[in-house]
Amino acid sequence: MSVRVRIAPSPTGDPHVGTAYIGLINYCFAKKNGGQFILRIEDTDQSRCTEASAQAIYESMRWLGLMYDEGPDVGGGKGPYVQSERVKLGIYRKYADQLLEAGHAYHCFCTARELDAMKARQRAANEPIMYDRRHRGLPLDEARKRVAAGEPYVIRMKVPLEGEHVYKDRLRKQPVVKAWKEIDDQVLLKSDGWPTYHLAAVVDDHLMGITHVIRAEEWLNSLPKHILLNEQLGFPKPEYVHVGLLRNADKSKISKRKNPTNLLWYREQGYLPEALLNFLATLGHSMPDGREKFSLDDLIASFDLDRINVAGPVFDLAKLKHLQGQYFRELPADRVQAEIHRAVDARVAKLLPLMRERMVVGGDFIWQAEPFYAESVSPHVDDLIPKGWTKEQARAVFEDVQRALKTYAANEEATWDAPSLDAFIRGLLAERANPAENAPPAAKELARLWQPKQVFMALRVAVTGKRESPPLFDTLAALGHTRVLERLGAAQQKLR
RNA sequence: GCUCCCAUCGUCUAGUGGCCUAGGACACCGGCCUUUCAUGCCGGCGACACGGGUUCGACUCCCGUUGGGAGUGCCA
């Protein structure tokens with residue numbers, strides 16, 4: 001039988017680097033075995049899923065070159081490949097009814113409030129948190145009467161009350177053993193009539209002829225439910241394989257707060273798909289010959305599912321950058337030039353309003369915009385010290401402003417734009433120039449320094465490295481708080 | 001809390017009982033090349049979490065401890 005694998009992302013938010021990671025593994029496994037790689041969109045949460053997000057998934061998979069043989073935008077013989085469309089076809093309802101008839105599932109009429117109360121009680125008592133199955137014994141005909149009467153309900157699966165589930169995952173040394181009594185009677189069909197992930201995925205994997213479900217470790221806990229569902233539905237079981245989750249530096253599940261997780265961000269930044277794919281591959285898989293730089297074709301040729309690591313790897317941007325550099329430097333001159341144009345164009349539109357009135361010829365943009373592109377700037381020490389100030393005084397003022405801006409940037413309410421920064425910084429100056437009666441002597445001594453003209457020039461020099469620049473607050477806004485704070489710190493270093 | 005998974009340098013990993021005084025890559029440090037920087041090359045720092053077994057012999061197998069992670073949703 002031919003291998004058929006899939007990725008089944010949910011179109012919420014930005015296309016995720018984890019999708020690419022799991023996608024890469026599935027893709028390689030499919031290609032290695034002459035099988036098919038399928039993309040299915042799991043949008044059964046009507047409140048969170050968007051079409052734009054689905055489009056972004058297609059786009060990023062294409063960009064990476066992880067082209068699927070079947071999927072929403074390419075078709076295929078087992079479609080539709082979007083679950084919301086399948087809901088409309090009544091596919092999941094049909095299987096839910098089948099489970100109901102066979103006595104493998106039942107109606108539950110609990111309200112959200114009842115369920116919350118149940119959880120709260122269990123939490124307080126340090127008991128495992130799960131549904132108490134209060135409606136499990138309800139006869140089917142009685143439940144149907146309540147449904148007919150318009151009472152809201154969900155359909156839950158009937159999990160065995162005793163015994164245990166054992167599954168040997170090919171990547172793990174020991175079989176995974178889980179007692180049934182610790183597994184919840186999972187909701188299969190929600191009160192809006194749409195399926196939950198568990199029902200939809202099992203049904204679709206079967207209908208789409210999926211032979212191997214290779215997915216992230218976060219699904220391992222619900223594995224018994226999925227296998228049970230296959231059995232109750234009379235489906236032949238695919239092989240389930242669970243790979244480790246990508247991690248942040250602190251080992252927690254990768255998140256956008258701590259890492260760039262948006263695939264399109266990498267494209268915007270100018271990362272090459274080959275580099276990103278190569279990097280992702282080294283995270284979980286290793287070449288038998290130890291090669292660490294290789295093409296997708298090389299990877300497929302040597303790919304071995306059993307060599308995938310189960311321990312979740314830390315996503316290390318520094319290593320990606322190194323690989324990216326290697327790929328970039330191999331690029332032919334015309335591609336390099338194209339990449340430069342792309343990188344510049346992306347920022348020109350934003351900066352042009354600031355630059356324009358100071359420009360005489362187009363080339364002026366290059367040096368005028370330099371502070372906005374540069375990683376760091378190198379101001380002249382003399383320019384950092386306004387007339388009549390000492391080095392120490394200048395440093396004290398920079399430190400004070402930096403601290404204030406740091407607090408400001410950390411404030412959720414505050415916005416980092418020119419008008420807000422203008423108001424904030426002028427307010428700070430006014431405050432410092434007029435210290436309270438009971439202020440420390442040091443503050444009173446510095447009070448005379450807080451003149452806008454001089455402080456603004458010093459700040460301008462610190463953040464741009466030049467005495468000429470667009471208006472200070474526009475400049476601060478365009479630079480972003482991270483760079484501004486960095487440069488204020490660097491200025492203080494220079495003044496030591 | 002409960003359940004499950006995982007455990008080699010800071011990070012990604014090689015290692016499937018003797019080839020290991022544990023190999024490579026990133027990062028870091030030093031040197032060479034170079035007017036500078038970068039690239040490139042050379043070198044250095046640096047790990048088998050701990051404790052018990054099994055065995056003639058454990059990084060490799062088993063058990064426990066510790067640590068980390070995930071799940072615990074009418075989200076996926």
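Keep in mind that what you see is a predicted model, and the values were worked out from it rather than measured. Atom set for the values below is all heavy atoms of this structure, side chains included, hydrogens, waters and symmetry mates excluded.
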Exercise for review: Name the closest nucleotide to the Glu217(A) side chain, picking from A14(B), C5(B), C74(B).
Suggested key: C5(B)
Exercise for review: With the side chain of Ile129(A) defined as its heavy atoms from C-beta on, choose the nearest nucleotide among C74(B), G1(B), A27(B).
Suggested key: G1(B)
Check your understanding: What nucleotide among C74(B), C4(B), C26(B) has an atom nearest to a side-chain atom of Lys178(A)?
Key -> C4(B)
Review point. On a whole-Å scale, what distance lies between the P atoms belonging to G31(B) and U21(B)?
Key: 33 Å
Review point. For Asp205(A), which of Arg215(A), Arg4(A), Lys78(A), Arg40(A) qualifies under salt bridge (charged side-chain N to carboxylate O under 4.0 Å, His left out)?
Key: Arg40(A)
Exercise for review: Rounded to the nearest angstrom, tell me the gap between atom OH in Tyr197(A) and atom C1' in A76(B).
Suggested key: 7 Å
**Study point:** Side-chain N or O of Lys173(A) closer than 4.0 Å to phosphate OP1/OP2 of C61(B)
**Key:** yes
Point to revise | Nearest-neighbour nucleotide for the His322(A) side chain, A27(B), A14(B), A76(B) considered | key: A27(B)
Practice item. Assign the ring pair Tyr240(A) / His242(A) to parallel, tilted or perpendicular, where the plane angle (0 to 90°) is split at 30° and 60°. Key: parallel
Review point. Counting only Watson-Crick or G-U wobble pairs whose two distances fall under 3.5 Å, which nucleotide matches C41(B)?
Key: G31(B)
Practice item. If the plane angle is over 60° it's perpendicular, under 30° parallel, otherwise tilted; pick one for His198(A) and Trp219(A). Key: perpendicular
Point to revise | No-H, no-angle donor-acceptor pair, Lys319(A) side chain to C12(B) base, under 3.5 Å | key: yes
Exercise for review: Once you apply the 3.5 Å cut-off to both distances, tell me the Watson-Crick or G-U wobble partner of U60(B), or none.
Suggested key: none
**Study point:** Value in whole Å for how far the C1' atom of U13(B) lies from CG of Leu320(A)
**Key:** 16 Å
Review point. Within the pair Asn309(A) and A14(B), is there a side-chain N or O less than 4.0 Å away from OP1 or OP2?
Key: yes
Check your understanding: Would you say Thr44(A) reaches A76(B)'s phosphate, i.e. side-chain N/O to OP1/OP2 under 4.0 Å?
Key -> yes
Exercise for review: Nearest whole angstrom, please: distance from the P of C4(B) to the CH2 of Trp180(A).
Suggested key: 14 Å
Review point. For Asn126(A), which contact category applies under a 4.0 Å heavy-atom criterion: base, sugar-phosphate, or nothing?
Key: sugar-phosphate
Exercise for review: Have a look at Lys253(A) and say if it touches a base, only the backbone sugar-phosphate, or nothing, with a 4.0 Å heavy-atom cut-off.
Suggested key: sugar-phosphate
Check your understanding: In whole angstroms, how far is the C1' atom of G1(B) from the NZ atom of Lys119(A)?
Key -> 15 Å
Point to revise | Separation of the P atoms in G68(B) and C62(B), to the nearest angstrom | key: 23 Å
Exercise for review: Could you verify whether a donor N or O on one side chain and an acceptor N or O on the other, from Tyr197(A) and Glu42(A), lie under 3.5 Å apart?
Suggested key: no
Revision key, fill the gap. Judged by nearest nucleotide, the residue sitting upstream toward the 5' end of RNA chain B, His285(A) or Thr111(A), is His285(A)
Check your understanding: Any side-chain N or O of Thr282(A) under 4.0 Å from OP1/OP2 of U13(B)?
Key -> no
**Study point:** Watson-Crick or G-U wobble partner of A7(B), both distances under 3.5 Å
**Key:** U66(B)
**Study point:** Which residue lies more 5' along RNA chain B, comparing Ala179(A) with Lys251(A) via nearest heavy atoms
**Key:** Ala179(A)
Review point. To the nearest Å, how far apart are Ile308(A) CD1 and U13(B) C1'?
Key: 13 Å
Check your understanding: Taking the side chain of Glu218(A) as heavy atoms from C-beta outward, which of G71(B), C12(B), C5(B) is closest to it?
Key -> G71(B)
Practice item. For the side chain of Ser10(A), starting at C-beta, report the closest nucleotide among A76(B), G73(B), C4(B). Key: A76(B)
Practice item. Determine the Euclidean distance between corresponding P atoms of A7(B) and C63(B); express it in Å to zero decimal places. Key: 13 Å
Exercise for review: For A27(B) versus C74(B), give the span between their P atoms, rounded off to a whole number of Å.
Suggested key: 46 Å
Exercise for review: Quickly work out the Leu188(A) CG to C74(B) C1' distance and round it to whole Å.
Suggested key: 11 Å
**Study point:** Whole-angstrom distance between G23(B) and A47(B), as gauged at atom P
**Key:** 11 Å
Exercise for review: Using a 4.0 Å heavy-atom cut-off across all strands, classify Arg172(A) as base, sugar-phosphate, or nothing.
Suggested key: sugar-phosphate
Exercise for review: Mind checking Trp219(A) for me? I need base, sugar-phosphate or nothing, with any heavy atom below 4.0 Å counting as a touch.
Suggested key: base
**Study point:** Rounded distance (nearest 0.5 Å) linking atom CG of Leu320(A) with atom OH of Tyr266(A)
**Key:** 6.0 Å
Review point. Looking for any heavy atom pair under 4.0 Å, which part of the strands does Glu292(A) touch: base, sugar-phosphate only, or nothing?
Key: base
Practice item. Using a heavy-atom cut-off of under 4.0 Å over every strand shown, decide if Arg307(A) touches base, sugar-phosphate, or nothing. Key: sugar-phosphate
Check your understanding: Centre of Phe279(A)'s six-membered ring, under 6.0 Å away, within 45 degrees of the axis: is that where NZ or CZ of Lys321(A) sits?
Key -> no
Practice item. Could you give the distance separating C45(B) and G30(B) at their P atoms, to the nearest angstrom? Key: 15 Å
Review point. Can you tell me if the side-chain N/O atoms of Lys190(A) get under 4.0 Å from OP1 or OP2 in A76(B)?
Key: yes
Review point. Counting any heavy atom closer than 4.0 Å, what does Val154(A) reach on the DNA or RNA strands: base, sugar-phosphate only, or nothing?
Key: base
Point to revise | Pair Tyr92(A)-Asp204(A), side-chain donor/acceptor within less than 3.5 Å | key: yes
Practice item. Would you classify Lys321(A) as touching base, sugar-phosphate or nothing, given that sugar-phosphate means primed atoms plus P, OP1 and OP2, and contacts are heavy atoms under 4.0 Å? Key: nothing
Exercise for review: Kindly say whether the aromatic ring centers of His285(A) and Phe303(A) come within a distance under 6.0 Å.
Suggested key: yes
**Study point:** For C75(B), the Watson-Crick or wobble partner whose two distances fall under 3.5 Å
**Key:** none
Check your understanding: Within this structure, what is the OH-to-P distance between Tyr167(A) and G71(B), rounded to whole angstrom?
Key -> 20 Å
Practice item. For nucleotides U60(B) and G51(B), find the distance between their P atoms and express it as a whole number of Å. Key: 12 Å
Practice item. Grab the CG-P distance between Leu220(A) and A70(B) for me, whole Å please. Key: 14 Å
Practice item. Under 4.0 Å between any heavy atoms, over every strand shown, what does Cys49(A) touch: base, sugar-phosphate, or nothing? Just pick one. Key: nothing
Practice item. Fit a plane to each ring of Phe235(A) and Tyr95(A), take the angle between them on a 0 to 90° scale, and name the class: parallel (under 30°), tilted (30 to 60°) or perpendicular (over 60°). Key: perpendicular
Check your understanding: According to a strict under-4.0 Å criterion, is Gln174(A) in side-chain N/O contact with OP1 or OP2 of C62(B)?
Key -> yes
Point to revise | Spacing of CG belonging to Leu323(A) relative to CG belonging to Leu280(A), to within rounding of 0.5 Å | key: 11.0 Å
Check your understanding: Any idea which of G68(B), C12(B), C4(B) is nearest the Arg247(A) side chain?
Key -> G68(B)
**Study point:** Spacing of the P atoms in G44(B) and A25(B) (rounded, Å)
**Key:** 12 Å
Review point. Checking all strands, does Gln122(A) fall into the base, sugar-phosphate, or nothing category for heavy-atom contacts under 4.0 angstrom?
Key: nothing
Review point. Gln326(A) side chain: which of C6(B), C74(B), G40(B) is closest?
Key: G40(B)
